Amino acid sequence: MSALKTLFLLDPDLVFLNHGSFGACPLPVFETYQVWQRELERQPVAFLGRQATALLANAREQLAAYLGAEADEVVYFPNPTTAINMVARSVRLRPNDEILTTDHEYGAMDRTWRFICQQTGARYVRQPIPLPITDAEACVEAFWNGVTAWTKVIFISHITSPTALTFPVETICRRARAAGLLCIVDGAHAPGQLPLHLPTIGADLYTGACHKWLCAPKGAAFLYARHEVQHWLEPLVVSWGYESDQPSGSPFIDYHQWQGTRDLAAFLAVPAAIEFQAQHDWDAVRLQCHRLACATRQRLNALTGLEAICPESPQWFTQMFAARLPAHTDLEALKQRLYDECRI
Ligand SMILES: Cc1ncc(COP(=O)(O)O)c(C=O)c1O
């Protein structure tokens, strides 16, 4: 892995452990990104006016194949936040309808749903999933206890942000679909960390970031939507794809792909990121990262004397993990010391 390190642009004096917020982009992928940016600058009219649609279609096909999906089920978004905002604004919610979620979700997503609830009178129900988690079935049951006659939408992370847990989303989606509930999965952390076959997971809608663990440039993410749910998704930004003069045959792609003038280079570099990981035996890299995470977790838990939040298994975490800290830890001071003394 030390040979791989030289392929990244990260400051060598820094111990960068925050791929969960912003993944590092390796040099060959970053160069591809810049090639597309230069191509745009060289001839903006030809690039954005004529070539972009075909280039995006190609980049989308490659991403869809990587996700086990069809090309017209996947559209690029700059980030999962934007994708979930589009979905949340499109769902027809009525007063008292409930969106069932967990108490492990990412803050910006919680805020998005609360905003929508304020406008519609729906309720955002954060079902507690107690720690430690030891058993997938118990986890599903704890979540499912939150389902009521008012539940309309299930919103759940594939890998959680505050606790870094891989939730059993396949089982939850299966149950949601059987119960006639719309199932939306926030997979921001999954691409690159977990092998993904989206039809098998079975979510109606699934968003993922490419700029975290897949190592694509910042501003590359996607939304997957099963064909059956595409028709009610409304464009967050209405542009030329609405009432399109040149319809592609998929209103889903037309509505969401074109959002006015913007830099498409990060999307176009996603196939290079997929290729980079394939060329560098990412299964082995992932396994090595998991082993490092396990060893570090053991040391941290031994240091604090506190209980692990889940068993040591790739079932529950892959390349990132969360550990408990003693009560009343000054988090800002800890963060500062880690940076000042260890450059973490
Ligand atoms: C679980 C989860 N969902 C969504 C997001 C949002 O990602 P972005 O800021 O790229 O939109 C994050 C970001 O860290 C996340 O951890």
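We count ligands from 1, going down the list as the structure has it; atoms in each ligand are counted the same way. If you're wondering where the values come from, they're calculated on a predicted model, not measured in any experiment.
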Hey, do the aromatic rings of Tyr224 and Tyr206 have their centres closer than 6.0 Å?
-> no
Atom 9 (O) of ligand 1: closest protein heavy atom, distance to 0.1 Å, is Thr81 OG1, 3.7 Å
Parallel, tilted or perpendicular: which fits the ring planes of Trp113 and Tyr124, with parallel below 30° and perpendicular above 60°?
-> parallel
Output the list of atoms in ligand 1 that are nearer than 4.0 Å to some heavy atom of Gly20, sorted by atom number.
-> 14 (O)
Quick one: is the NZ or CZ of Arg337 closer than 6.0 Å to the six-membered ring centre of Tyr339, and within 45° of its axis?
-> no
Can you check whether Leu67 reaches Phe222 side chain to side chain, under 4.5 Å on heavy atoms?
-> yes
Starting from atom 1 (C) of ligand 1, locate the nearest protein heavy atom and write down its residue, its atom name and how far away it is, to 0.1 Å.
-> Asp186 OD2, 3.4 Å
Of all the non-hydrogen atoms in the protein, which one sits nearest to atom 16 (O) of ligand 1, and at what distance?
-> His189 NE2, 2.6 Å
With heavy atoms only and a cut-off of under 4.0 Å, state how Pro80 meets ligand 1: side chain, backbone, both or neither.
-> both
Counting from 1, what ligand 1 atoms have a heavy atom of Lys212 closer than 4.0 Å?
-> 7 (O), 12 (C), 13 (C), 14 (O)
What orientation do Phe30 and Tyr33 show, parallel under 30°, tilted 30 to 60°, or perpendicular over 60°?
-> tilted
What is the closest protein heavy atom to atom 10 (O) of ligand 1, and at what distance does it sit?
-> His211 NE2, 2.9 Å
Should you measure from each heavy atom of Ser161, which atoms of ligand 1 turn up under 4.0 Å away?
-> 1 (C), 16 (O)
Kindly say whether the aromatic ring centers of His231 and Phe252 come within a distance under 6.0 Å.
-> no
